Asks: 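Okay, handing you the structure first.
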Number of protein chains: 2
Amino acid sequence: MKGQTRLSWTDVRDEIRTRILHRTYAPGDKLPRDEDIAAELGCARTTVHRAMQDLSQIGLVERIRKGGTHVRTDPVTRATFDIPITRREVEQRGSKYDYQLISHALEDTPLSVMARFGIQQPARVLHVKALHLADNRPYMFEDRWIHTGSTPDILDVDLNMQSANEWLVRHKPYSRVDVRFYAMNAEGESAVYLSTSPGSALLVIERTTWIGQDPITSVQAVAAPGYQLTALN
Amino acid sequence: MKGQTRLSWTDVRDEIRTRILHRTYAPGDKLPRDEDIAAELGCARTTVHRAMQDLSQIGLVERIRKGGTHVRTDPVTRATFDIPITRREVEQRGSKYDYQLISHALEDTPLSVMARFGIQQPARVLHVKALHLADNRPYMFEDRWIHTGSTPDILDVDLNMQSANEWLVRHKPYSRVDVRFYAMNAEGESAVYLSTSPGSALLVIERTTWIGQDPITSVQAVAAPGYQLTALN
DNA sequence: GACTTTAATAAGTAGGCACATATTAATATT
DNA sequence: AATATTAATATGTGCCTACTTATTAAAGTC
């Protein structure tokens, strides 16, 4: 017990971030070399390196080999969202979860889904429509396509008992996912099942997953009116 | 040059991730100790540690001191979004950016904004409405409140010349941000300025920032119809 | 002067070591 | 037997050292 409290990499990170906030290092500025910062703060270069890695991941600074570290000129706001299984999501709000299969049928991929999957030729897919409920009220309407080539097992699953959402997450790992958000007017089915009037604005979470090159599933999750997605932190 | 190619921590991370994908380590399973994995793969514990930290941050595993490392039971999809300055966003799509101030006025915070700021007493705010355009077409309608207590300088800025968005990002660092997405029906102003018909579904990005405890600004950015937010990666 | 080669630079990475910290299990004390 | 102390364990962290890699600048060559 000699060095009292030494600097942890999070301390260093916070110190550098404070300096950037205070414009000691202004946007566009080049920061001192890791080694010099280490010397100044009295820690090892490794520690500064670890701190810088984090700042770089957050999007506050940019690092280039040999070029040094720069404060980003156009700071971006980086927001991270967790998208859990719908059942989990409902239960964590303290609501009762229910699930209802609406329809399922073997079809060929429509053009829109081919585009999402990134395939040129139509493929056989299981087209599943389902409704998730929270406290007996519609929560999310799910319109899903499951590629039977990559996921033949899905045909043996009783989708009345278990949502495709859940089965897939538990049994079908993916290596890549595309997530996008957009707004949609309720119409036809989505309006009916979410028991809202046609035209009301709904948030859509669209997800497509692949394992290697092979598409697994693509889903449009249409949330009930009033739904908000909140970033972590 | 003896060890040929040694394992980098990203290699280790990918190897562990692959095993989790292949259910070698299934959800809920306890992974071997870092040291054992290191021994098995032929690298140092530090390297495994670095890999595990990343997997833990991604949300694939959970680590507890002494308790060991476990694969998360309910894998979440974690999506990250970059929200740049609007001008940047437009320019990066290869479009011409324009900006138009609609109105600005000193007001007291309405209740909704007090809630967003997390304050009990109304405060004087600059209420700014503006429109961002891409290739002369409406791109985003911005409805913003700026706290004059924390940011008095804003009153000296010529908002015809420079969007509040841009000025704030460049001159006003923040320490905390709340980001949320939701859908809204176009109505009144938003419909007019985004030149769409009332009722059409629009995606709203709502952001509120603080420096320490002090609120800086809260903005509702209403995107033109068709706007999609896409996750990184 | 245009090209190539070489050196210097700064970040990236791996490994080994020592110690910190949180948690559980085992042991000793009352 | 109930409680307190101690030991063992696994992750967390910091530091040092050595080497790698990408990039720029300088020196040398034609």
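Below, read A as the first sequence line, B as the second, and so on, with proteins coming before strands; counting in each chain starts at 1. Worth saying up front: this structure is predicted, and the values here are computed from it rather than measured.
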Asks: Please list residues of residues 30-51 of chain B whose heavy atoms come under 4.0 Å from any atom in DNA chain D, ordered by number; otherwise none.
Replies: B:R33, B:D34, B:R45, B:H49

Asks: Look only at the side chain of A:H70 and the backbone of A:R72, and say whether a donor-acceptor pair between them is shorter than 3.5 Å.
Replies: no

Asks: For DNA chain D, determine which residues of residues 60-69 of chain B have any heavy atom closer than 4.0 angstrom to one of its atoms, and list them numerically.
Replies: B:R63, B:I64, B:R65, B:K66, B:G68, B:T69

Asks: Under the side chain to side chain donor-acceptor pair (under 3.5 Å) rule, collect the residues that match up with A:D36, sequence neighbours excluded.
Replies: none

Asks: Give a yes or no on whether the backbone of B:P215 and the side-chain of B:S150 come within a donor-acceptor separation of less than 3.5 Å.
Replies: yes

Asks: Just say parallel, tilted or perpendicular for the rings of A:Y99 and A:H132, cut-offs at 30° and 60°.
Replies: tilted

Asks: Looking at the rings of B:Y182 and A:Y227, which for Trp means the six-membered one, are their centres under 6.0 Å apart?
Replies: no

Asks: What is the distance, to the nearest angstrom, from the CZ atom on A:R13 to the P atom on D:dT13?
Replies: 11 Å

Asks: Please confirm whether the shortest side-chain N or O distance from A:Q53 to OP1 or OP2 of C:dT13 is below 4.0 Å.
Replies: yes

Asks: Flag the pair A:D14 / A:R17 as yes when at least one side-chain heavy-atom distance between them is below 4.5 Å, and no otherwise.
Replies: yes

Asks: Could you check how far CG of B:L55 sits from P of D:dG12, rounded to whole Å?
Replies: 12 Å

Asks: Which heavy atom in A:A183 sits nearest to a heavy atom in B:L203, and how many Å separate them?
Replies: CB-N, 3.6 Å

Asks: Assert yes or no for the condition that the ring centre distance of B:Y139 to B:Y97 is strictly below 6.0 Å.
Replies: no

